[in-house]
Amino acid sequence: MLIPHDTRIALDTVVDLVNTAPENEPPRDDPSDRLAGGSEDGLADIAALYAFAERHLISGVGTLGEKDLAAVRDVRARFAEVFAADDPRTAADLVNRLVAAAGTTPQLTDHDGYDWHVHYFAPDASIADHLAADCGMALAFIIVAGEQERLRRCEAPDCGHAFVDLSRNRSRRYCSSRTCGNRLHVAAYRARRKEAAG
């Protein structure tokens with residue numbers, strides 16, 4: 001599957017965004033509520049949001065506040081729903097709503113030493129709209145290509161992180177073969193050896 005560079009970057013961003021949510025996060029009625037349960041929230045405060053924006057080279061961030069943090073958490077929850085969608089129609093509907101709410105306005109740009117690429121957000125967009133538009137369009141690319149099943153969750157019982165399976169035969173099962181995959185293979189090997197010895 002040939003994925004343009006910009007789309008690949010946006011896919012990496014949306015995966016990282018979804019994975020900032022605490023593990024086993026309970027459903028919430030108000031996305032601005034502090035998250036409870038499971039592991040630590042990767043977007044626990046505004047400093048973490050700034051760090052996320054810097055890590056992913058998100059341009060034009062400006063001054064961020066609690067409203068931005070709540071909006072990005074809401075976008076994160078909606079992207080998590082896309083990864084959990086059972087079929088392409090459901091995933092497409094979720095992406096369509098995200099992108100439409102962001103006020104998508106595609107434009108060509110070549111800022112900061114990058115070659116020409118498309119921004120799907122307005123020049124003065126909030127960070128939440130920026131993420132919803134660019135990452136939403138990256139997910140749209142996957143859905144349009146008929147590859148929605150590549151949007152997965154790690155099968156390791158104690159993980160569940162989101163990832164995009166870009167393997168040739170769509171066979172990837174773990175977010176990282178070096179950590180989750182290797183850990184489970186070692187555990188299975190030890191269990192077989194214990195059983196054989198017992």
Is the number of heavy atoms from other residues, nucleotides or ligands under 6.0 Å of Arg55 CZ greater than 12? yes
Does Asp110, at its CG atom, have more than 12 non-hydrogen atoms belonging to other residues, nucleotides or ligands within less than 6.0 Å? yes
Find the distance between [atom1] ([X]) and [atom2] ([Y]) and round it off to the nearest 0.5 Å.
X	Y	atom1	atom2	result
Cys154	Arg173	SG	CZ	9.5 Å
His56	Asp12	NE2	CG	8.0 Å
Leu49	Ile127	CG	CD1	4.5 Å
Leu94	Phe79	CG	CZ	10.5 Å
Phe163	Cys175	CZ	SG	7.5 Å

Nearest heavy-atom pair of [X] and [Y]: which atoms, and what distance?
X	Y	value
Val95	Ala140	CG1-CB, 4.1 Å
Ala128	Val75	O-CG2, 3.8 Å
Thr90	Ala85	CG2-CB, 4.0 Å
Asp41	Ala21	OD1-CA, 4.5 Å
Ala80	Val18	N-CG2, 4.0 Å
Arg150	Ser167	NH1-O, 2.8 Å

So Leu11 and Leu139, side chain to side chain contact (heavy atoms under 4.5 Å, CB included) or not? Walk me through it. CA-CA 7 Å; Leu11 289 172; Leu139 293 174; 3.9 Å; yes
If hydrophobic clusters are built from ILVMFWY residues whose side chains come within less than 4.5 Å, do Leu151 and Val144 share one? no
Qualifying residue, where the test is side chain to side chain contact (heavy atoms under 4.5 Å, CB included) with Val72 and the options are Leu64, Leu43, Asp129: Leu43
I would like to know whether Tyr50 and Thr63 meet side chain to side chain contact (heavy atoms under 4.5 Å, CB included); could you show each step before the answer? CA-CA 9 Å; Tyr50 274 116; Thr63 303; 4.0 Å; yes
Salt bridge check: are Arg89 and Asp93 linked by an N-O gap of less than 4.0 Å? no
Where do Asp6 and Trp116 land on the side chain to side chain contact (heavy atoms under 4.5 Å, CB included) test, with the steps shown first? CA-CA 10 Å; Asp6 302 353; Trp116 288 104; over 6 Å; no
Any sub-3.5 Å donor-acceptor pair from [X]'s side-chain atoms to [Y]'s backbone N or O?
X	Y	result
Asp16	Thr13	no
Asp134	Tyr120	yes
Arg76	Leu17	no

Would you mind reporting whether Ile58 and Phe52 have side-chain heavy atoms less than 4.5 Å apart? yes
Between Phe121 and Leu131, is any pair of side-chain heavy atoms under 4.5 Å apart? no
By salt bridge (charged side-chain N to carboxylate O under 4.0 Å, His left out) - contacts of Arg152 (at least two apart): Asp165
